[in-house]
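I have placed the structure first, in the form of structure tokens, so that the comments after it can refer back to it.
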Amino acid sequence: MNAAQPAQAFTIPLDSLELSKRAHIESIDWAALEETAARRLRQFGFDEGVTIEALHLGPFGRDPLAVRVGRMTVAIRRAHARAVHVVPIAK
Amino acid sequence: MNPQPLIAVVGNPNAGKSALFNALTGARQKVGNYPGVTVERHVGRAILPSGAPAELIDLPGSYGLDPNSPDEAVTRDVLLGRQQGERLPDALLIVLDASNLDNHLRFALQLIALGRPTVVALNMVDLAKRDGLELDAAKLGAELGVPVIETVAVRRRGITELLGRLESELGHQRAVHGKDLPPPDLVHLQKRAREVAQAAILRETPVRRITHQLDAVLLHPVAGPIILAAVLFIMFQAVFAWATVPADALDAGITSLGNIVGNALPEGAFKSLIVDGIWSGVGSVLVFLPQILLLFFCIGILEDSGYLARAALISDRTMARFGLQGKSFIPLLSAYACAVPAIMATRTIENKRDRIATILIAPLMTCSARLPVYALVINAFIPNKQLLGPLLSARTAMMLGLYVLGFLAAVITAKLLKSTILKSGKSPFLLEMPPYRWPTVQSIGLRLIDRAKVFLRRAGTVILGISIALWVLASLPLEKGAPPPIAESFAGMIGHTVEPVIRPLGFNWKIGIGLITSLAAREVIVGTLGTIYGIESGADDDDRKGLQQALQSDLTLGGAVALLIFFAFAMQCMSTSAVVRRETGGWKWPAIQWAYMTGIAYICAFLANKIVTAWWT
């Protein structure tokens with residue numbers, strides 16, 4: 001929202017986040033997710049501002065992803081990860 | 001009314017809730033079902049410090065009071081006193097994973113807001129410390145407004161203190177302050193959870209090192225699938241090869257005990273009932289207990305260690321090709337042990353159509369009840385030749401082939417279902433990857449005792465009942481005061497009636513009797529054939545080798561292969577049909593499943609008989 005925030009330019013979908021790179025969740029496109037998926041993501045702690053990191057990829061088609069969100073590791077399909085927009089944390 | 005206070009043990013999945021429940025109740029627990037739903041109800045008894053007993057109930061792990069699955073609905077309904085057949089708990093024991101506070105606290109805040117007497121167990125503090133997280137339990141308690149006790153359930157640390165606090169909290173109705181009544185909205189709840197977690201954390205390093213390092217190998221794009229295949233191979237090798245040692249010992253024990261009993265009894269109808277009816281019927285099924293327990297042992301280790309969730313991730317893409325998802329992998333793997341717990345394990349699949357598809361294909365996986373049948377027929381008809389040195393014998397290859405066959409039938413059926421009557425959009429595969437843990441002897445042991453009880457109860461009721469009924473049918477009508485030849489008995493008449501239907505498959509009327517009795521449960525056919533051939537050959541021949549020889553002279557190779565194929569596909573298990581009915585809420589799906597599986601079984605067995613007979617004769 002804030003026009004002074006330059007971070008917007010670096011927002012990428014979660015499924016493009018490099019492995020072992022940490023990021024903040026900038027926004028989640030809840031409308032793009034079916035209801036059960038949205039609820040489960042919320043329960044897993046997916047929320048704006050939360051730190052997230054892509055850890056591992058599934059062996060076939062690099063899908064699904066294992067990501068750490070908060071202190072928890074969860075598996076999420078690429079299709080759902082695309083609805084999560086993140087800003088990588090500069091090292 | 002029951003004077004014992006009821007304490008609900010509640011928390012997120014993977015919080016170590018069941019371990020804590022086991023530590024509190026020991027072996028004093030019972031597993032049942034809630035009426036109307038296939039959610040297991042675990043209750044146990046704990047002794048409070050004053051010596052008074054308390055009833056503990058282990059509620060299904062849940063992420064919140066807004067249920068996603070039938071399991072989570074039970075948790076909510078029990079907590080709100082709405083669950084049929086369960087009274088409102090007098091106190092809550094909330095279990096938190098110390099390493100996962102910010103996430104688990106959200107549910108805890110919802111629970112505390114219910115205003116019931118509450119104690120929080122801050123569990124697995126040792127693992128948290130291992131991963132560089134130090135927590136202040138007193139501070140956490142102050143923030144939450146309820147007592148917080150540090151525990152390590154698997155080492156029984158903090159258990160006495162926990163029981164003491166539970167006893168002193170019982171009956172103290174907590175005043176609910178405005179401060180700890182969180183707004184119902186999840187976003188705010190999450191914020192408050194993070195604040196509380198931050199307040200309680202003294203020091204932290206951000207990584208779970210051991211789990212991360214293990215995952216780097218076990219979820220490696222190349223090594224991961226290879227390791228998974230190796231793990232599954234070792235598991236089946238264990239069940240087929242290593243379990244034969246205890247199984248043979250048990251077999252020898254049962255046989256010699258049968259001989260001792262047989263020799264002690266006077267000749268006559270009573271001896272025949274005991275030795276031919278009951279002993280050979282029940283005994284031939286009991287022999288498979290070691291194999292079944294070993295299979296459950298392996299799956300228990302995989303599950304408790306946290307590896308099954310990784311297997312689900314690795315297999316998700318492959319399962320997706322058949323229209324399923326990674327979460328279906330866990331029930332399908334358990335279906336190798338038994339379809340009943342497998343079908344109950346489908347509760348974690350949120351998508352209803354995925355869940356029904358998984359339920360429908362689960363009984364096609366080769367469950368342990370097929371083992372006795374396969375073992376009997378294979379040992380009777382397949383020569384014990386080595387194919388690949390000591391690694392693979394012809395018999396093992398045949399057995400493996402049947403497993404592959406069941407698996408193929410399952411995935412092809414899934415594909416068919418998911419592209420026709422159970423079509424659905426992409427399913428949400430969202431699964432927590434719990435940290436790796438050592439499985440505990442207690443947790444695995446309790447589960448094995450449970451499964452052994454179920455198996456023995458079945459041997460003692462269904463199989464015993466059928467054995468006795470069959471013996472009676474095989475011994476009547478009396479001819480000049482003596483039992484008739486089996487072909488002329490009532491059982492023989494029934495067998496002869498169905499013979500025209502099954503003759504195209506290469507089966508005679510004796511197999512026909514076995515097929516009828518095995519409609520109750522697959523393994524029953526072994527006992528039935530034991531009884532039929534036992535009666536036929538006279539009372540002394542209760543040796544299992546005798547049964548193999550009798551089969552060899554009575555069945556062609558084509559008929560034997562057809563019998564194996566029939567058992568691979570046919571739906572012969574009342575327990576499974578009952579669970580499917582309960583789980584899907586009606587007779588429609590179990591009826592479709594029964595007709596589909598048994599139809600395929602008939603057609604394929606027919607083809608197998610024709611092909612094998614044409615090639616080998």
Side-chain angles (χ1 to χ4, degrees), chain A residues 14-15 18-25 27-84 89 91, chain B residues 12 14 62-64 66 68-69 97 99-104 106-107 131 133 186-187 190-191 193-194 197 204 206-208 211-212 215-216 218-226 228 309-310 312-318 320-321 325-326 350-351 425-435:
Chain A
L14 175 58
D15 71 319
E18 258 178 74
L19 285 192
S20 307
K21 189 140 196 182
R22 285 148 63 80
H24 287 304
I25 297 180
S27 65
I28 299 172
D29 186 0
W30 295 112
L33 296 162
E34 55 281 42
E35 200 200 315
T36 44
R39 188 181 323 149
R40 194 54 101 197
L41 281 182
R42 281 209 182 88
Q43 292 177 337
F44 281 163
F46 278 76
D47 193 7
E48 284 162 28
V50 172
T51 310
I52 196 162
E53 178 181 353
L55 297 178
H56 312 280
L57 297 172
F60 309 108
R62 300 162 64 79
D63 189 26
L65 294 76
V67 301
R68 178 164 35 230
V69 49
R71 298 191 68 90
M72 208 159 106
T73 306
V74 300
I76 174 173
R77 276 188 180 166
R78 212 160 259 284
H80 291 111
R82 226 164 269 149
V84 180
I89 300 172
K91 288 243 165 125
Chain B
N12 282 54
N14 304 310
S62 195
Y63 289 97
D66 40 347
N68 259 349
S69 65
D97 172 5
S99 315
N100 220 338
L101 266 194
D102 39 354
N103 207 294
H104 288 189
R106 187 185 48 244
F107 185 31
D131 292 329
L133 187 67
L186 267 182
V187 176
Q190 180 67 67
K191 266 192 189 115
R194 274 203 295 274
E204 69 171 319
V207 198
R208 270 187 202 279
T211 292
H212 187 75
D215 271 342
L218 297 175
L219 289 179
H220 187 273
V222 181
I226 295 174
L228 176 59
R310 275 72 184 181
L313 185 146
I314 292 171
S315 62
D316 178 59
R317 246 327 249 267
T318 314
R321 295 176 66 132
Q325 53 147 316
E350 292 103 344
N351 183 308
K426 53 179 188 299
S427 27
F429 171 68
L430 289 163
L431 186 64
E432 184 178 345
M433 306 274 113

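Chain naming here is simple, since letters A, B, ... match the order of the sequence lines and numbering starts at 1 in each.
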Top of B:Gly64, B:Ala193, B:Ala216 for chain A proximity - count of heavy-atom pairs under 4.5 angstrom
B:Ala216
Give, as side chain, backbone, both or neither, the part of A:Val69 having an atom under 4.5 angstrom from any heavy atom of chain B.
neither
First locate atom CE of A:Met72, then atom CG of B:Leu101, and finally report the distance between them rounded to the nearest 0.5 Å.
13.0 Å
For B:Leu313 against A:Ala66, the heavy-atom pair lying closest together
CD1-CB, 3.9 Å
Distance col, row B:Leu218:CG vs A:His56:NE2, nearest 0.5 angstrom, shows 9.5 Å
Where does B:Asp215 contact chain A at under 4.5 Å (heavy atoms): side chain, backbone, both or neither?
both
Taking all non-hydrogen atoms of both residues into account, name the closest pair between B:Ala320 and A:Arg77 and its distance.
CB-NH2, 3.8 Å
Region of B:Arg310 in contact with chain A, defined by heavy-atom distances below 4.5 Å
neither
Minimum heavy-atom distance between B:Pro221 and A:Pro59, given as atom pair plus value:
O-CB, 3.3 Å
With a 4.5 angstrom heavy-atom cut-off, which part of A:Ile76 approaches chain B: side chain, backbone, both or neither?
both
Among side-chain atoms of B:Asp66 and A:Gln43, is any donor-acceptor pair under 3.5 angstrom?
yes
Over 60° means perpendicular and under 30° means parallel, so classify the ring planes of A:Phe44 and B:Tyr63, tilted if in between.
perpendicular
What part of B:Asp316 is in contact with chain A, defined as an atom under 4.5 angstrom from a non-hydrogen atom: side chain, backbone, both or neither?
both
Heavy atoms only, distances under 4.5 angstrom: which of A:Glu53, A:Glu35, A:Arg39 has the most pairs with chain B? Name it, please.
A:Arg39
From CG (A:Leu55) to CE (B:Met433), nearest 0.5 Å
11.0 Å
If I measure from the heavy atoms of chain B, does A:Asp47 come under 4.5 Å with its side chain, its backbone, both, or neither?
side chain
Quick one: OG1 on A:Thr73 to NE2 on B:His212, what's the gap to the nearest 0.5 Å?
9.0 Å
